[in-house]
Protein chains: 2
Amino acid sequence: MKIGELAQVAQCTVETVRYYEKAGLLSPPARTAANYRSYGDAHVDRLRFIRNCRALDMTHAEIHALLGLMDQAAGDCGGINQLLDEHIAHVDMRIAELSQLKQQLSELRQCCQSKQAVDACGILQGLASMETEQRHERHTHLG
Amino acid sequence: MKIGELAQVAQCTVETVRYYEKAGLLSPPARTAANYRSYGDAHVDRLRFIRNCRALDMTHAEIHALLGLMDQAAGDCGGINQLLDEHIAHVDMRIAELSQLKQQLSELRQCCQSKQAVDACGILQGLASMETEQRHERHTHLG
DNA sequence: CTTGACCCTATAGTAGCTTCAGGGTGTGAA
DNA sequence: TTCACACCCTGAAGCTACTATAGGGTCAAG
Ligand SMILES: [Zn+2]
Ligand SMILES: [Zn+2]
Ligand SMILES: [Zn+2]
Ligand SMILES: [Zn+2]
């Protein structure tokens with residue numbers, strides 16, 4: 001199976017497949033005489049797994065760790081469960097941050113109810129007078 | 001006022017200030033004989049405004065547009081109000097996406113309640129069998 | 001006259017791709 | 001046979017909003 005076909009069954013682009021190989025997420029496949037990449041079923045499974053993880057907004061580092069844990073068939077799955085818990089925490093934290101942001105933005109939006117002169121716009125005044133505060137360190141890889 | 005002082009009152013780093021200048025958000029200031037940047041009160045206001053917008057997770061493009069609208073003192077503030085509404089929509093959409101993601105992740109987490117053999121882990125099975133779907137185009141700049 | 005805090009420019013790195021430039025390969029039609 | 005066209009290859013650059021580093025200049029105090 002050539003790269004175009006693999007990309008199609010995994011619903012991603014050819015470039016993305018090549019990128020995952022370079023990034024170390026997908027192992028380099030065999031090559032044909034013409035130097036074309038030649039994939040098998042194991043690659044299909046792996047790539048779909050990776051795409052599913054990405055659809056859940058995991059980072060490459062998280063996916064890499066997951067693949068490593070997966071390949072140690074000897075151990076138990078405690079590490080896997082933990083990794084997922086941590087990622088769920090990332091999502092939770094980002095939701096909380098964005099909810100607070102939305103609150104701030106809604107309050108700001110209240111400051112101007114109708115079209116008026118730019119100089120009088122409460123939104124601009126609000127943006128000018130907000131307390132500038134050091135940006136918090138991020139606790140999550142999500143935005 | 002030199003760049004270090006400006007950065008301090010605006011709660012950001014010197015590098016960030018220089019970056020904003022290169023990015024076209026902050027106009028280049030006068031220079032001293034020693035080629036040091038020399039800022040005035042207008043720059044302080046502008047930079048604080050920018051930092052406040054960034055604290056609300058606006059993109060540079062959004063901030064750039066906002067500054068442009070702001071500087072057309074002749075017009076009304078309809079464009080400003082609209083820009084803010086659109087950004088609030090960005091935040092709303094991202095919250096909705098992340099909420100759905102959390103739902104999916106919680107369901108996945110339910111698939112494995114306790115440590116067991118890796119081969120039997122329901123999380124891995126879930127990740128392998130999810131329906132790979134084309135990643136939706138993003139409707140928001142928020143990660 | 002040296003130390004240290006500040007300033008300057010230019011460049012590379014971060015994440016996860018996408019896009020482009022400049023080529024080679026393989027198949028069906030004219 | 002030769003052309004067009006779809007597909008494949010590599011390597012490098014572009015995207016966002018910074019951050020960090022290298023390698024230097026400026027200035028006041030001791
Ligand atoms: Zn995560
Ligand atoms: Zn207004
Ligand atoms: Zn926005
Ligand atoms: Zn498990």
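Residue numbers begin at 1 in each chain, while the letters A, B, ... track the order of the sequences.
- Taking side-chain N and O atoms only, A:T16 has a distance below 4.0 Å to OP1 or OP2 of C:dT18.
- For the pair A:N35 CG and D:dT10 C1', the computed distance is 9 Å after rounding to whole Å.
- Across the protein-nucleic acid pair, A:M58 atom CE and C:dA15 atom P stand 17 Å apart, rounded to whole Å.
- A:H141 comes within 4.0 angstrom of no nucleic acid atom, judged by non-hydrogen atoms across all strands.
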Derivation and outcome, side chain to side chain contact (heavy atoms under 4.5 Å, CB included), residues A:E62 and A:E86 = CA-CA 10 Å; A:E62 286 170 331; A:E86 285 167 4; 5.8 Å; no

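- If you check every strand for non-hydrogen atoms under 4.0 Å, A:R37 touches sugar and phosphate atoms only.
- Across the protein-nucleic acid pair, A:R18 atom CZ and D:dA12 atom P stand 15 Å apart, rounded to whole Å.
- The distance from atom OH of B:Y36 to atom P of C:dC7 is 8 Å, rounded to the nearest whole Å.
- Nearest nucleotide to the A:A34 side chain, out of C:dT25, D:dC9, C:dT18: C:dT25.
- In this structure, of D:dC9, C:dC8, D:dA17, it is D:dC9 that holds the atom nearest to the side chain of A:R31.
- Remark on DNA chain C: of its neighbouring residues B:K22 and B:K2, the 5'-side contact belongs to B:K2, judged by nearest-heavy-atom nucleotide.
- Between the side chains of A:Q8 and A:Q11, no donor-acceptor pair is found at a separation under 3.5 Å.
- The NE2 atom of A:H90 sits 14 Å away from the P atom of C:dA15 (whole-angstrom rounding).
- The shortest non-hydrogen separation linking A:C121 to B:I80 is SG-CG2, 4.0 Å.
- The distance between atom CG of A:L26 and atom P of C:dC17, rounded to the nearest whole Å, is 12 Å.
- Between B:I63 atom CD1 and D:dC18 atom C1' the separation is 13 Å, expressed in whole Å.
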Report the C-alpha separation of A:R94 and B:D57 in whole Å, then their side-chain angles, then the decisive distance to 0.1 Å, and conclude whether the salt bridge (Lys or Arg N to Asp or Glu O under 4.0 Å) test is met.
-> CA-CA 12 Å; A:R94 186 57 177 154; B:D57 262 352; 3.1 Å; yes

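- With distances taken from any side-chain atom of B:E15 to the nucleotides D:dC18, D:dA20, D:dC9, the minimum falls on D:dA20.
- With distances taken from any side-chain atom of A:H60 to the nucleotides D:dA17, C:dT25, C:dG16, the minimum falls on C:dG16.
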Ignoring hydrogens and angles, write down the donor-acceptor pairs under 3.5 Å from the side chains of residues 14-25 of chain A, residues two or more places apart or on other chains.
from  : atom 1 : to    : atom 2 : distance (Å)
A:T16 : OG1    : A:T13 : OG1    : 2.9
A:Y20 : OH     : A:R51 : NH1    : 2.7
A:E21 : OE1    : A:R37 : NE     : 2.8

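- For the pair B:E21 CD and C:dC7 C1', the interatomic distance rounds to 13 Å; values are reported in whole Å.
- Residue B:Y19 places its side chain closer to D:dA17 than to any other of C:dC17, D:dA17, C:dG24.
- For the OP1/OP2 pair of C:dA15 and a distance below 4.0 Å, the side-chain nitrogens and oxygens of A:R54 include no atom meeting the criterion.
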